[in-house]
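Chain naming here is simple, since letters A, B, ... match the order of the sequence lines and numbering starts at 1 in each.
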There are 2 protein chains.
Amino acid sequence: MPEEPRWLTECEREAWLALASLIFKLPGALDAQLLRDHNLTLFDYFVLSGLSMAPGRSLRLSTLAGQINSSLSRLSNVVKRLEQRGLLRREPDPENPRYNRAVLTEAGWDLVVAAAPGHVAAVRRFVIDGLTEEQVTALREVSCRVTQQVDEAAQPPQ
Amino acid sequence: MPEEPRWLTECEREAWLALASLIFKLPGALDAQLLRDHNLTLFDYFVLSGLSMAPGRSLRLSTLAGQINSSLSRLSNVVKRLEQRGLLRREPDPENPRYNRAVLTEAGWDLVVAAAPGHVAAVRRFVIDGLTEEQVTALREVSCRVTQQVDEAAQPPQ
DNA sequence: CCGTCAAAGTTCAAGCTTGAAGTAAATGCG
DNA sequence: CGCATTTACTTCAAGCTTGAACTTTGACGG
């Protein structure tokens, strides 16, 4: 198969290396802010924030996993820890008791409300505020395209 | 301080959420390919590849850490494992014996050579080939800008 | 010189992620 | 009806990352 691999052009290589730097650095920076100020990882925040925006402040675990691009296994572990901290509860879905829902508690809601401003400020500082409007649009388009490619490659076992 | 936080506009929010998806998914996809085919993580690959391109196929640990945006602690752990696998050696810098260099072994070089085509193909498939030339350029500019913002925020303890 | 400081690495414990294997409930199928 | 499969989750062990603490070696100031 690998006859003559298509290497990256200089321009492509630069773009990939820049993206790689971003991937190595940005999550750490956002984690650090949330950990310092609220003892939450970025992933924790996405879980709580996802619930806070859902009707009834609750979602089925697999729905939530899809929303935040997580494996069920990882989500299950994190939800267990957040439950131990009293930020959410797990309970069977009333409509179909075979499913489990995560439900945000009052404490969980309060924490999201308290954490959101600092988190959004960090996202602005690190990402948005350094970019022009066109760049923000380009970032959205590029990121969607890439995520789509990754999903497609994962899907077609068949 | 948090009087009225500047929330994200719809457009900015979409861009950020798309980038967040990418950040959650792309590293896993690239890791998976390298792990499956060569038992390397993306981080391992960057270490070996960084060495392979350096003069003498060797670098000081702190230089390498800077190049691949890693903490020294993480790099030290990974280098220890790669050394145990015989892919590199640690030895004192001949020019200044107080520093340590990582030196790629023959086996390490062979592994990089073997792994590179598949890795580049994955980068193409997931990232580059789905984008127009303009988007590749935009990706580079945006990523550089974001990394720069993160670095600046980390620096100015002073 | 001597003491203090900083830089370069290493180590360790705590915690997180991962994939594989397990459970339990429903759904299809023969 | 009952057997096999699928879906939704949970658990566990193995491995990885992290930050803090530690060591060692030079650099600098007085």
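To the nearest 0.5 angstrom, B:L30 atom CG is 11.0 Å from B:L35 atom CG.
Salt-bridge annotation for B:E83 and B:K80: absent, with no side-chain N of the basic residue lying under 4.0 Å from a carboxylate O of the acidic one. Under a 4.0 Å N-O distance rule, the pair B:D151/A:K25 qualifies as a salt bridge. We find that B:R140 and A:E12 are not joined by a salt bridge, their nearest charged nitrogen and carboxylate oxygen being 4.0 Å or further apart.
When each of D:dT18, D:dG26, C:dT18 is scored by its nearest atom to the side-chain atoms of B:N96, the top-ranked nucleotide is D:dG26.
Contacts classified as ring pair (Phe, Tyr, Trp, His ring centres under 6.0 Å) and involving residues 77-106 of chain A (residues at least two apart or in different chains) are not found. Residue pairs meeting the ring pair (Phe, Tyr, Trp, His ring centres under 6.0 Å) criterion with at least one member in residues 53-79 of chain B: none, sequence neighbours excluded.
With sequence neighbours left out, the side-chain contact (heavy atoms from CB on, under 4.5 Å) criterion links A:A116 to A:Y45, B:W7. Residues forming a ring pair (Phe, Tyr, Trp, His ring centres under 6.0 Å) with A:H38 (at least two apart in sequence, or on another chain): none.
Residues from residues 16-51 of chain A lying near DNA chain C, meaning a heavy-atom separation below 4.0 Å, are absent.
When the C1' atom of D:dT17 is taken as reference, atom CD1 of B:I68 falls 14 Å away, rounded to whole Å. Rounding to whole angstrom units, CZ of residue A:R74 and C1' of D:dT10 are separated by 17 Å.
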Under 3.5 Å, which protein N or O atoms sit close to an N or O of nucleotides 5-13 of chain C? Give each pair with its distance.
from: C:dA8; atom 1: OP1; to: B:R60; atom 2: NH2; distance (Å): 3.4
from: C:dG9; atom 1: OP1; to: B:N100; atom 2: N; distance (Å): 3.0
from: C:dG9; atom 1: OP1; to: B:N100; atom 2: O; distance (Å): 3.0
from: C:dG9; atom 1: OP2; to: B:S62; atom 2: N; distance (Å): 2.7
from: C:dG9; atom 1: OP2; to: B:S62; atom 2: OG; distance (Å): 2.7
from: C:dT10; atom 1: OP1; to: B:R90; atom 2: NH1; distance (Å): 3.0
from: C:dT10; atom 1: OP1; to: B:N100; atom 2: ND2; distance (Å): 3.3
from: C:dT10; atom 1: OP2; to: B:S76; atom 2: OG; distance (Å): 2.9
from: C:dT10; atom 1: OP2; to: B:R90; atom 2: NH1; distance (Å): 3.3
from: C:dT11; atom 1: O4; to: B:S73; atom 2: OG; distance (Å): 3.3

